[in-house]
Amino acid sequence: MKKIHFSKYHGAGNDFIIIDNRSQKIVFTSPDQVAALCHRRFGIGADGLILLEESGLMNFRMKYYNADGNEGSMCGNGGRCITAFAAHLDIIKNNASFEAIDGVHEAVILKKDNLHTFVSLKMNDVYRIEKNHSNYILNTGSPHYITFVDEVEKVNVFVEGKAIRNSEQFKEMGINVNFVQAEMGRLTLRTYERGVEDETMSCGTGSVAAALALALENKIITGQDVEVTTRGGKLFIEFEKDDNGFSNIWLKGPAEKVFEGTFEFSNL
């Protein structure tokens, strides 16, 4: 039976099991294995699992699995957490370039002390945006549906988010559903995430998508940090807007280590 060392991190409450897979060479043979580790009653508990692997060109490679056990699209908070993890392993100091499923990302550790780590992650440019009545559909590394609401705390995110995610338009591939309340250029966000199939405490790519959607509504000034309040804390989005879309997008926020430990799987 193989003993695997892991660390648990969170980015504004969006939590991940992270494993240094450079030497352990873990290969999951079934989504059920990952899902069991992420289960909040019978496993370690997490919104996703991340493997840090060798990269021939960059500092490391990020392989991300959703809580349902399937390999997922880009995770913004996960990208910030794996950067903090790489610094803990002395793979990097304050700057990182790493491979992910949607390409290469840069990251910078802006602040680090014994208690807190604050990481900024560069996201891919966004040029394709769809409008669905008053709602927006865009991909910020993961696909997102943005709907603006007056009182986000009164929304039944699980019921309404699940209905949109499983609607005829989205049920095949799934989509993350974001409910956004905007006031004075600040956002309050709640997200139903595909792959988790529930509301999460925060969503990095969803926060980016919400900020860009608000910019399309001409309600925020580009070039400044947009503050996004989630149930797990605050995230900050910086970007540039032109006639074609958005570039130079940075997702900023906490990336905190929670604990570390080991688990055993007989077939890894």
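Note: hydrogens, waters and symmetry copies are ignored here, and every other heavy atom, side chains too, is used.
Looking at heavy atoms from C-beta onward, Tyr145 lies in side-chain contact with Asn135 at the 4.5 angstrom threshold. Between Leu216 and Phe246, the closest side-chain pair of non-hydrogen atoms falls below 4.5 Å. Looking only at side-chain heavy atoms (C-beta outward), Val208 and Met123 come within less than 4.5 Å of each other. Looking only at side-chain heavy atoms (C-beta outward), Phe170 and Asn176 stay at 4.5 Å or farther from each other. For the pair Leu212/Lys241, no side-chain contact is recorded, criterion being any heavy-atom separation below 4.5 Å from C-beta on. Counting heavy atoms from C-beta on, the side chains of Gln33 and Thr29 come closer than 4.5 Å. Looking only at side-chain heavy atoms (C-beta outward), Arg80 and Leu251 come within less than 4.5 Å of each other. Under the 4.5 Å side-chain criterion, counting only non-hydrogen atoms from C-beta, Phe28 is in contact with Leu49.
For the atom pair Cys81 SG and Met62 CE, the distance stands at 9.0 Å (nearest 0.5 Å). To the nearest 0.5 Å, the span separating CG on Leu89 from CD1 on Ile82 amounts to 9.0 Å. Rounded to the nearest 0.5 Å, atoms CG (Leu121) and NE2 (His105) are 6.0 Å apart. Note that the CD atom of Glu53 and the CD1 atom of Ile26 stand 9.0 Å from one another [nearest 0.5 Å]. To the nearest 0.5 Å, atom NE2 of residue His88 and atom CD1 of residue Ile18 are 10.5 Å apart. To the nearest 0.5 Å, atoms OH (Tyr64) and CG (Leu51) are separated by 12.0 Å.
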- Query: Could you go step by step and tell me if Asn59 and Ser97 meet the side chain to side chain donor-acceptor pair (under 3.5 Å) rule?
  - Reply: CA-CA 6 Å; Asn59 297 120; Ser97 295; 4.7 Å; no

- Test log, rule side chain to side chain donor-acceptor pair (under 3.5 Å), inputs Thr229 and Arg190: CA-CA 9 Å; Thr229 299; Arg190 294 176 65 190; over 6 Å; no

- Check the pair Lys111, Val119 against side chain to side chain contact (heavy atoms under 4.5 Å, CB included), reporting the backbone distance first and the verdict last. CA-CA 7 Å; Lys111 182 178 73 173; Val119 178; over 6 Å; no

- Message: Walk me through whether Lys122 and Val108 qualify under side chain to side chain contact (heavy atoms under 4.5 Å, CB included).
- Response: CA-CA 9 Å; Lys122 190 173 185 181; Val108 181; over 6 Å; no

- Query: Between Tyr65 and Ile17, does a side chain to side chain contact (heavy atoms under 4.5 Å, CB included) hold up when you go through it step by step?
  - Reply: CA-CA 10 Å; Tyr65 294 88; Ile17 300 163; over 6 Å; no

- Task: Start with the C-alpha gap between Glu227 and Leu187, add the side-chain angles, then the distance that decides, and say whether side chain to side chain contact (heavy atoms under 4.5 Å, CB included) holds.
- Result: CA-CA 6 Å; Glu227 181 180 302; Leu187 304 175; over 6 Å; no

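Residue Leu214 is not grouped with residue Val149 when hydrophobic side chains (ILVMFWY) are merged at heavy-atom distances under 4.5 angstrom, including chains of intermediate members. One hydrophobic cluster, built from ILVMFWY side chains closer than 4.5 Å, holds both Leu52 and Ile92. Both Val228 and Val180 sit in one connected hydrophobic cluster of ILVMFWY residues. Membership requires side-chain heavy atoms under 4.5 Å apart, directly or through other members. No continuous path of hydrophobic side-chain contacts links Ile175 to Met74 [ILVMFWY only; heavy atoms under 4.5 Å]. Clustering ILVMFWY residues whenever any of their side-chain heavy atoms sit less than 4.5 angstrom apart, transitively, puts Val104 in a cluster other than the one holding Ile249.
When atom types are taken as modelled, the side chain of Glu217 and the backbone of Ala213 share no donor-acceptor pair closer than 3.5 angstrom. Between the Asn132 side chain and the Tyr136 main chain, no donor and acceptor come within less than 3.5 Å of each other. Asp225 places no side-chain N or O within donor-acceptor distance of the main-chain N or O of Phe236, the cut-off being under 3.5 Å. For Asp242 (side chain) and Gly245 (main-chain N/O), a donor-acceptor pair under 3.5 Å exists by modelled atom type. Within the 3.5 Å criterion, the main-chain N or O of Ile4 finds no donor-acceptor partner in the side chain of Thr262. A donor-acceptor pair is defined here as one N or O able to donate and one able to accept, closer than 3.5 Å; such a pair exists between the side chain of Gln181 and the backbone of Val152. Between the side chain of Arg128 and the backbone N or O of Asn139, no donor-acceptor pair lies under 3.5 Å. No donor-acceptor pair under 3.5 Å is formed between the side chain of Thr200 and the backbone N or O of Val196. The backbone N or O of Val177 sits nowhere less than 3.5 Å from a side-chain atom of Arg165 that would complete a donor-acceptor pair. Listed for the Glu153 side chain is no donor-acceptor partner under 3.5 Å among the backbone atoms of Glu151.
Taking each heavy atom of Ser7 and Phe85 in turn, the nearest pair found is OG-CE1, 3.6 Å. Taking every heavy atom of both residues into account, Gly141 and Asp102 meet most closely at CA-OD2, 3.7 Å. Between Leu235 and Gly204, the closest heavy-atom pair is CD1-CA, 4.2 Å. Shortest non-hydrogen contact noted between Glu256 and Pro254 is OE2-CB, 3.9 Å. The nearest pair of heavy atoms linking Tyr127 to Asn244 is CD2-O, 3.2 Å. Closest non-hydrogen pair, Leu189 versus Ala210, comes out as CD1-CB, 4.3 Å.
Between the side chains of Arg194 and Ser73, at least one donor N or O sits under 3.5 Å from an acceptor N or O. Using a 3.5 Å distance cut-off with no hydrogens or angles, the side chains of Asn178 and Thr191 do pair a donor with an acceptor. Inspection of the Ser202 and Asn77 side chains reveals an N or O donor paired with an N or O acceptor under 3.5 Å. With hydrogens and angles left out, the side-chain atoms of Tyr192 and Glu160 include no donor and acceptor closer than 3.5 Å. Inspection of the His144 and Thr205 side chains reveals an N or O donor paired with an N or O acceptor under 3.5 Å. Side chain to side chain, Ser55 and Glu99 meet the donor-acceptor criterion of an N or O pair below 3.5 Å.
The aromatic rings of His39 and Phe42 sit tilted, their planes meeting at an angle between 30° and 60°. Phe263 and Phe6 have tilted rings, their planes meeting at an angle from 30° to 60° on a 0 to 90° scale.
By the 4.0 Å N-to-carboxylate-O rule, Glu54 lies too far from Arg61 to be salt-bridged with it. The existence of a salt bridge linking Asp47 and Arg40 is confirmed by a sub-4.0 Å separation between a basic side-chain nitrogen and an acidic carboxylate oxygen.
Ring-centre distance between Phe16 and Tyr9: not below the 6.0 Å cut-off.
Within a 6.0 Å radius of NZ in Lys8, other residues, nucleotides and ligands contribute more than 12 heavy atoms.
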